[in-house]
K.L.:
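One structure, as structure tokens, below. Some questions next.
As the structure is a computational prediction, the values presented were derived from the model and not from experiment. Each chain gets a letter, A, B and so on, in the order the sequences are listed, and its residues count up from 1.
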There are 4 protein chains.
Amino acid sequence: MSKREQILYSTLELITELGFHATPMSLIIKKSNAAAGTIYHYFKSKEDLIDTLYSDLKEEMGKAIIQNLDLELNYKEKFFLICNNLFSFFTENPKKFEFLEDYANSPLIHKEIKEINRRHYQQALDFIESGIQIGMLRELPLILMINLIFGNISCFSRMIILEEIEPTEELLNKVIQSSWDSVKIN
Amino acid sequence: MSKREQILYSTLELITELGFHATPMSLIIKKSNAAAGTIYHYFKSKEDLIDTLYSDLKEEMGKAIIQNLDLELNYKEKFFLICNNLFSFFTENPKKFEFLEDYANSPLIHKEIKEINRRHYQQALDFIESGIQIGMLRELPLILMINLIFGNISCFSRMIILEEIEPTEELLNKVIQSSWDSVKIN
Amino acid sequence: MSKREQILYSTLELITELGFHATPMSLIIKKSNAAAGTIYHYFKSKEDLIDTLYSDLKEEMGKAIIQNLDLELNYKEKFFLICNNLFSFFTENPKKFEFLEDYANSPLIHKEIKEINRRHYQQALDFIESGIQIGMLRELPLILMINLIFGNISCFSRMIILEEIEPTEELLNKVIQSSWDSVKIN
Amino acid sequence: MSKREQILYSTLELITELGFHATPMSLIIKKSNAAAGTIYHYFKSKEDLIDTLYSDLKEEMGKAIIQNLDLELNYKEKFFLICNNLFSFFTENPKKFEFLEDYANSPLIHKEIKEINRRHYQQALDFIESGIQIGMLRELPLILMINLIFGNISCFSRMIILEEIEPTEELLNKVIQSSWDSVKIN
DNA sequence: GATGAATGAGACTTCATTCAT
DNA sequence: TATGAATGAAGTCTCATTCAT
């Protein structure tokens, strides 16, 4: 593994393990066996480093949500599959979830970064768009619809992670059904 | 204004103006004309001070969302009114919105604080609960339903505030309709 | 109990329980149910308050060491009794011991306070002086002799308290014998 | 001098000049021309820095007490030499003496640090141990015997430093004789 | 006598970042 | 490429003490 990769890998480990706020550069330096200067050789700033990781996690998440999407399912079933995938990713990776959420709302985030990351969701976006075109989904701005759907799942996931409610298969299905009802054409 | 009130007021101003992370004690000290020790006389820690403010803002928000609720409206109309109120509060107070969101997800927050603040939403909770009882709304855990509805509105509000989409009366109505569809009994 | 007594009592409790360094005024204020101003009404400063307590403990210690001294014992036996008393007082009151030691070496201490406290040891001083006069003890400055003897016992006590050596009756006797041999006329 | 040495040197100077309690980090920073961060680069905490200095002074003291020990002297004469050395070190370096005493009794001190420092006294320990083996000294725990002997000298030294008694060659000899009598086999 | 709100200097430490090597 | 010593502003908080009531 190259030094640059070591740095990225260690940062990812630390940030998904300790969370966004509890990961100072000093720890990254230690864990990656890289000198401070080396990190700043590859990354302009801590922000830049975190940006990269944010993209990595977004990509991972992007892949996770479309898992098994190519199965022979109808549109609604695919919708449910994606939501299930998202829920699984979040609850199976609570620290990644936390980082993604923290960072998404962080004042640090750059619009351009957000733009770039959109490509990881192209398939998901395409899926929603096709739903509109075939008359299954309402005519809402694409990006808004995605945010609403994903927001619902992430809201539910957080409650599960924080143990504010009991996780059951049935409840999850009800929540996804809610999401579906909120975007499907009556 | 008493010293304690000065401190709270100044902190509120600063935190809603600069955001959660950009408000160090030193600034609060300057703005409130209080000595450091004075702040720690009234509040156990910075966290304690912020907790108090969080509660204050939650209370303000709690009042905002039930504005005009006693009008002669039917259930669905009241639902729309509450969502409208929430949206207005968020978009008219973007910094308060930011603080509330940041802090709600902050690792600093205490469960007990959350519990206490629940009372500010009693009317809203009661409204939802009654909706379930009269057969208008689905049987989902109360706290989950609130989170989903409010989550939708806050997700939409954030996009407006961040200028990711254009705010129109029509779009707002569509979003609220989505929320309604997600919890109403088909 | 008068307010002044409450203050003294609470300070004593705190200082013998928490030790010299872990007892700020704020704690004394809380425990004594007295206002800060009240303490400064009775005592010029924290130092003054501690001085008073130091004297109290010194007096208690002074009484402890001459316990049972009036028994029909010969000179050497009385010497051993005093040393035993001192050892018991130290090891049975390790926190008082700690405070006494800390404070005795503290730069805060005033010569005058030391002078005043000397009266609590008048009996012990007299006992040593008489030992010199009757030819049992060497001709060393009285205050030096006391310090050496008490220093030995306190050194031994500290090792017991810190569990650096095992306490046995036999070892204690050997240590006292050492002290005796160091001052007795061969 | 390297930065680390500058820091250590300045701290030593300050601490032996001002005493243990009157030496805040800010002064060390100023005197050593090092940034705060630099100090924490080399030392985990203030305590760690002080630990190091304590060890340094203990080492210096360890060397001082065995000065000229290799002369052709008999056992008792060597004993007197060591005690004389110790007395000289204390009275010629009253501030170091004060720091050593303060710190030795400080609650901050770690047992492990004490253990490590024991090696600086190996020669002295060996000397005492050999005394026991050749039948000159009593059978007391080694560490206790050292403490008692050194305690006596340090007690005497303090009285000299605080000007509680007049220093004379004769008195010093009497005190060492006392120590000798307290451990020698009659 | 008694209160306790108010003081503010100063305590230790952390942090992202730089730069000479 | 890679190092890591050095930076120093800024962070939160504690403390003995004062003074108007």
K.L.:
Might you point out which heavy atoms bring D:Thr11 and D:Ile7 nearest each other, and give the distance in Å?
P.N.:
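Closest approach of D:Thr11 to D:Ile7: OG1-O, 2.6 Å.
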
K.L.:
What's the spacing between B:Arg118 CZ and B:Lys58 NZ if we round to 0.5 Å?
P.N.:
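Here the interatomic distance stands at 10.0 Å.
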
K.L.:
Need to verify one output field. Residue with the more 5' nearest nucleotide on DNA chain F, B:Leu27 or D:Asn33?
P.N.:
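Final value for this comparison: D:Asn33.
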
K.L.:
Please work out which of the three classes, parallel, tilted or perpendicular, describes the rings of A:Phe99 and A:Phe20, given edges at 30° and 60°.
P.N.:
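Judged by the thresholds at 30° and 60°, the geometry between A:Phe20 and A:Phe99 is tilted.
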
K.L.:
How many Å lie between CD1 on A:Ile50 and P on E:dC15, as a whole number?
P.N.:
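These atoms are roughly 13 Å apart.
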
K.L.:
Where each pair must be Watson-Crick or G-U wobble with both distances under 3.5 Å, what dot-bracket representation of DNA chain E is obtained, with crossing pairs in [ ] and other-strand partners as |?
P.N.:
.||||||||||||||||||||

K.L.:
Between atom OG1 of C:Thr23 and atom NE2 of C:His21, what is the distance when rounded to the nearest 0.5 Å?
P.N.:
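If we round to the nearest 0.5 Å, C:Thr23:OG1 and C:His21:NE2 are 10.0 Å apart.
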
K.L.:
Give the residues of residues 1-17 of chain A touching DNA chain F, defined as any heavy atom closer than 4.0 Å, sorted by residue number.
P.N.:
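Here the set is A:Lys3.
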
K.L.:
Drop me the distance from C:Asp51's CG to C:Lys46's NZ, to the nearest 0.5 angstrom.
P.N.:
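Output value for this atom pair is 12.0 Å.
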
K.L.:
Expressed in angstrom and rounded to an integer, what is the separation of D:Ile29 atom CD1 from E:dC12 atom C1'?
P.N.:
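After rounding, the gap between these two atoms is 9 Å.
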
K.L.:
Mind listing the side-chain donor-acceptor pairs of residues 31-43 of chain A below 3.5 Å, one per line with the distance, residues two or more places apart or on another chain?
P.N.:
unit_1, atom_1, unit_2, atom_2, d
A:Ser32, OG, A:Ile28, O, 2.7
A:Ser32, OG, A:Ala34, N, 3.4

K.L.:
What is the first contacted nucleotide of DNA chain F and what is the last, in 5' to 3' order, if contact means an atom lying under 4.0 angstrom from a heavy atom of chain A?
P.N.:
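Listing 5' to 3', DNA chain F meets chain A from F:dT1 to F:dA5.
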
K.L.:
Any chance you could measure B:Asp56, atom CG, to B:Ile50, atom CD1, to the nearest 0.5 Å?
P.N.:
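Rounded to the nearest 0.5 Å, the CG-CD1 separation comes to 11.5 Å.
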
K.L.:
May I have the distance from C:Ile28 (atom CD1) to E:dA2 (atom P), rounded to whole angstrom?
P.N.:
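Distance check: C:Ile28 CD1 to E:dA2 P gives 17 Å.
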
K.L.:
Looking at residues at least two apart in the chain, or sitting in another chain, which of them share a ring-ring contact (aromatic ring centres under 6.0 Å, His included) with D:Phe97?
P.N.:
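D:Phe97 satisfies ring-ring contact (aromatic ring centres under 6.0 Å, His included) with D:Phe90 only.
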
K.L.:
So which of residues 35-42 of chain D are in contact with DNA chain F, with a heavy-atom cut-off of under 4.0 Å?
P.N.:
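The answer is D:Ala35, D:Ala36, D:Gly37, D:Thr38, D:His41, D:Tyr42.
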
K.L.:
Assuming nearest nucleotide by heavy-atom distance, tell me which of D:Ser26 and A:Thr23 is located more 5' along DNA chain E.
P.N.:
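Looking at DNA chain E, the more 5' nearest nucleotide goes with D:Ser26.
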
K.L.:
So, taking the atom named OG1 in C:Thr52 and the one named CZ in C:Arg4, what distance separates them when rounded to the nearest 0.5 Å?
P.N.:
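Those atoms lie 6.0 Å apart.
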
K.L.:
So which heavy atom on C:Leu27 is nearest to which on C:Ala22, and how close?
P.N.:
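Looking at all heavy atoms of both residues, the shortest contact is CD2-O, 4.1 Å.
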
K.L.:
State, yes or no, whether a side-chain contact exists between B:Leu57 and B:Glu60 at a heavy-atom distance under 4.5 Å.
P.N.:
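Of all side-chain heavy-atom pairs linking B:Glu60 with B:Leu57, at least one is under 4.5 Å.
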
K.L.:
Starting at the 5' end of DNA chain E and moving along, which residue's nearest nucleotide shows up first, D:Ser45 or A:Lys44?
P.N.:
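Closest to the 5' end, via its nearest nucleotide, is D:Ser45.
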
K.L.:
Distance from A:Glu98 atom CD to A:Lys95 atom NZ, nearest 0.5 Å?
P.N.:
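Between atom CD of A:Glu98 and atom NZ of A:Lys95 there are 4.5 Å.
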
K.L.:
Of all the heavy-atom pairs spanning B:Ser55 and B:His120, show the shortest one and how long it is.
P.N.:
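Distance-wise, the nearest heavy atoms are O-NE2, 3.7 Å.
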
